[in-house]
Amino acid sequence: MNVHTLKETLFSDFALQQIELPLVSVLMPAYNHQQFVEQAVRSVWAQTYKNIELIVIDDGSSDRTLEILKRLSLQSPISMKVDTHANQGICRTLNKCFDLSRGELIAFLASDDQYSEKFIERMVGESRLHSAEATVLHCDAIGIDEYGKGCTRVSEVRKIPPLRGDVFFKIAYGIGFIVSSTMVLSRTLMKATGPFDALLKSEDFDIHLRLARQARFVYVDEPLFFARKVSGSLGSRRGLWSDDIFIALAKHEDYLGNSYKKIVVSRHKNLAMDFYSNMDLAEAWYHFKKAVKSSPGLASLIIPLQLIVGCFCRTPRCLALAILPKRGVQYARRWKRISISYLKTNKEKFLMVLRAYIRALPKPVRKTLGYCWDYNMRVFRWRSILVHVRGRSLHDQFVLFASAIASPLTSLQKLGRWQDPVLLWDAIVQVKVIGNFMLRHHTDDLWHVLPSREHTVLTTIQKYLPEDGIFIDAGANIGVYTLLAGRLVGEKGRVIAVEMMPETADILRRHISMNHLGNVSVVQKALADSSGKHVIARVMGGQHGQASITSGVVEGGAEVRVETTTIADILAEVDDISLMKMDLEGAEELALVGAGDALKRVRAVIFEDWGNERLSAIFRSKGFLVERLDGNNCLALNESK
């Protein structure tokens, strides 16, 4: 009997009645999919293979997902278990699903995807042809949109071969495709592989690697699955879980041997170009630097050029040829006609490629171009200032415009070093969305009140700080985020602003009074590892936002004696803190030492990591999930909250 005849025999109704049917457990994690979850559940009910149980865990949905699931469980024609827990992420949810399951075979289904009617029947039949204990089955899928429309197979879209056979190194390098929710494997293999890593945001890559070390992959070349692409889903937000790839690879460093570093560099390069193509420039630049840093020896000189060429391959031909001309004059007209219109809509993308190109130039040329770049950025920064900032009186408006007119001259100072835009005289200004500020002349005050300066931080505060919440502004400076939080939490909320410099703290109190915020209190102390000490804080002239008690951060400058306190002392009488922002100019690690167990009462923390990941590691060790907001800022979410 050949394989084709054997398959037909196995799939016949008569044959299925004559053999003992294995119980198949379908594991479904559900989160905020009220518009899709019923379709997903009913696709399991509609299976031609009937010996199924469905295990659904709601991961703390804020919409009607749990309500719909409970209603469906009362109508279910198959065994269906529905449970819920506070939001803990997909990995912990899948682990709980597996603990509640009883099936000999394990299948997966996201709460926004769907099975075809014969999915499980085909997979059970295929498992009969292979050693189920050492085999991972998966199949092709049809991609659908949020409205259920779509007819293109995933294999046709990706145009790369599916994973078959021994695939560990293919998965590590990112060669070949697999739709994770189509996987079917034995309970024995799942136990041998171990649970999903609860510290990761995304389970796919890590579990694929671990399974590939123990089993072969078998591909069923039929579209038996409907994979839905939903905007805003975890799969579409690659920036949240791209670091998980390298955490998973590190677990297999010994097995990968000499290939490990090559794979890490390759994955960083590919991610840099992917993020660049999708206009996520912060993530692209993050992985660009990682690729260069991870490259051994002379290879680090070649990587930037490879990345530049790779980025140009994803840029319109006319733009690439204009930057790197082949025939000079021949393409000048194309540049004028097409590329200028491209730049209007892709300005940031172009600037990123241009920076990368400049980095490959000789140092004297690069230094000269750097001076020109700094000067232009300093002058054009005033455009954003004049959009977001207004003088409160006619005199204040005059100061603002006079400072803007003088900026071509004031911007010539100290080229090659960072310089904030400055006012020529003191002024009181109104900043859109935030409030009123009294700004000191020739200081960095003006730069620190701009909403566009750290746009991701501002939007994160708006997202995670609820009305009636509690906000801690550690390193408040003149209070831009203090005032924003004071308006967001309302009269029943509370804001605690910590600022150690006496002069800046006085201005902070004045800003609170000017904006009529009665829910804000100021702590004029430096955050450190213990309370009651007196330490020296240093600040350069005019750079009040960079004051620090950490040696080496500020060289020279004025010295001010300040008293210390701890996060634990500040939070002693507060039970539940919605959000804390930390910007302590190098003293963050010291402050976290003094936090003790108080951080357990904080739901989320915004902090600066500057790419070294030391603070991220500390937060992870304390039970926080860390995600990068932009090139410097990160968000730590308390898993226990």
Side-chain angles (χ1 to χ4, degrees), residues 106-110 113 119 122-123 126-127 129-132 134-143 150 152-186 189-190 193 196-197 200 202-229 234-236 238 241-253 255-275 277-278 287 291 310 313-314:
I106 303 297
F108 305 90
L109 180 63
D113 294 335
F119 173 80
R122 281 291 283 115
M123 290 302 191
E126 199 69 38
S127 70
L129 302 175
H130 305 275
S131 172
T135 302
V136 177
L137 300 167
H138 68 106
C139 68
D140 202 353
I142 293 176
T152 307
R153 292 172 62 156
V154 172
S155 56
E156 295 175 1
V157 174
R158 299 197 181 181
K159 297 180 181 179
I160 53 177
L163 293 173
R164 286 190 174 102
D166 296 321
V167 296
F168 179 79
F169 281 90
K170 290 182 179 179
I171 293 173
Y173 274 105
I175 302 171
F177 81 87
I178 177 173
V179 182
S180 294
S181 288
T182 68
M183 288 196 309
V184 175
L185 61 152
S186 70
L189 177 58
M190 189 69 200
T193 304
F196 294 92
D197 189 339
L200 302 180
S202 176
E203 83 290 358
D204 292 358
F205 185 71
D206 179 58
I207 199 67
H208 293 169
L209 278 177
R210 289 193 281 144
L211 286 170
R213 285 189 66 165
Q214 303 192 48
R216 293 173 57 82
F217 279 56
V218 173
Y219 173 68
V220 179
D221 192 9
E222 293 181 36
L224 302 170
F225 191 86
F226 297 96
R228 194 186 305 271
K229 187 174 182 179
L234 180 62
S236 64
R238 300 186 67 181
W241 51 263
S242 58
D243 283 342
D244 289 356
I245 293 174
F246 305 98
I247 296 172
L249 283 171
K251 298 177 183 178
H252 306 276
E253 183 176 357
Y255 189 78
L256 290 166
N258 294 332
S259 300
Y260 174 70
K261 288 186 177 179
K262 294 180 183 178
I263 293 171
V264 169
V265 173
S266 175
R267 297 308 293 257
H268 276 304
K269 286 197 298 183
N270 291 335
L271 283 168
M273 287 187 284
D274 286 345
F275 281 119
S277 299
N278 294 314
H287 288 288
C313 291
R314 304 180 185 208

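Small disclaimer: the values here were computed from a predicted structure and weren't measured.
Here the shortest heavy-atom pairing between Arg267 and Phe205 reads NH1-CE1, 3.4 Å. Summarising the geometry of Met123 relative to His138, their closest heavy-atom pair is CE-C, 3.7 Å, with the distance given to 0.1 Å. Considering every non-hydrogen atom in both Val136 and Ala215, the closest pair reads CG2-CB, 4.1 Å. Ile263 and Ala172 make their closest contact through CG2-O, 3.2 Å (heavy atoms, listed as atom of the first residue, atom of the second, distance). Here the shortest heavy-atom pairing between Val167 and Phe217 reads CG2-CD1, 3.4 Å. Across every non-hydrogen atom of Asp113 and Ser181, the tightest pair is OD2-OG, 3.8 Å.
Within the 4.5 Å cutoff, the side chain of Phe119 has no heavy atoms near those of the Phe226 side chain. Residues Leu271 and Phe246 form a side-chain contact, since some pair of their non-hydrogen atoms from C-beta on lies under 4.5 Å apart. A heavy-atom distance below 4.5 Å is found between the side chains of Phe168 and Leu256. Put simply, the side chain of Arg216 reaches to within 4.5 Å of the side chain of Asp166, judged on heavy atoms. No side-chain heavy atom of Val264 sits less than 4.5 Å from a side-chain heavy atom of Glu253.
Just one of Val220, Val184, Thr135 meets the side chain to side chain contact (heavy atoms under 4.5 Å, CB included) condition when paired with Glu126; it is Val220.
In this structure, the separation between NE2 on His268 and CD1 on Ile245 is 9.0 Å, given to the nearest 0.5 Å. Between atom CZ of residue Phe225 and atom CG of residue Leu109 there is a gap of 5.5 Å, rounded to the nearest 0.5 Å. In this structure, Met183 CE and Leu137 CG are separated by 10.5 Å, a value rounded to the nearest 0.5 Å. Atom CG of Asp206 and atom NE2 of His252 lie 6.0 Å apart (nearest 0.5 Å). In this structure, CD in Glu156 is found 9.0 Å from CD1 in Ile142, a value given to the nearest 0.5 Å. Between Leu209 atom CG and Ile171 atom CD1 the span is 6.0 Å, to the nearest 0.5 Å.
Under a 3.5 Å cut-off, the side chain of Arg210 and the backbone N or O of Thr193 do form a donor-acceptor pair.
Salt bridge status for Asp197 with Lys251: present, with a side-chain N to carboxylate O gap under 4.0 Å.
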Side chain to side chain contact (heavy atoms under 4.5 Å, CB included) between Tyr219 and Thr182, intermediate numbers included: CA-CA 10 Å; Tyr219 173 68; Thr182 68; over 6 Å; no
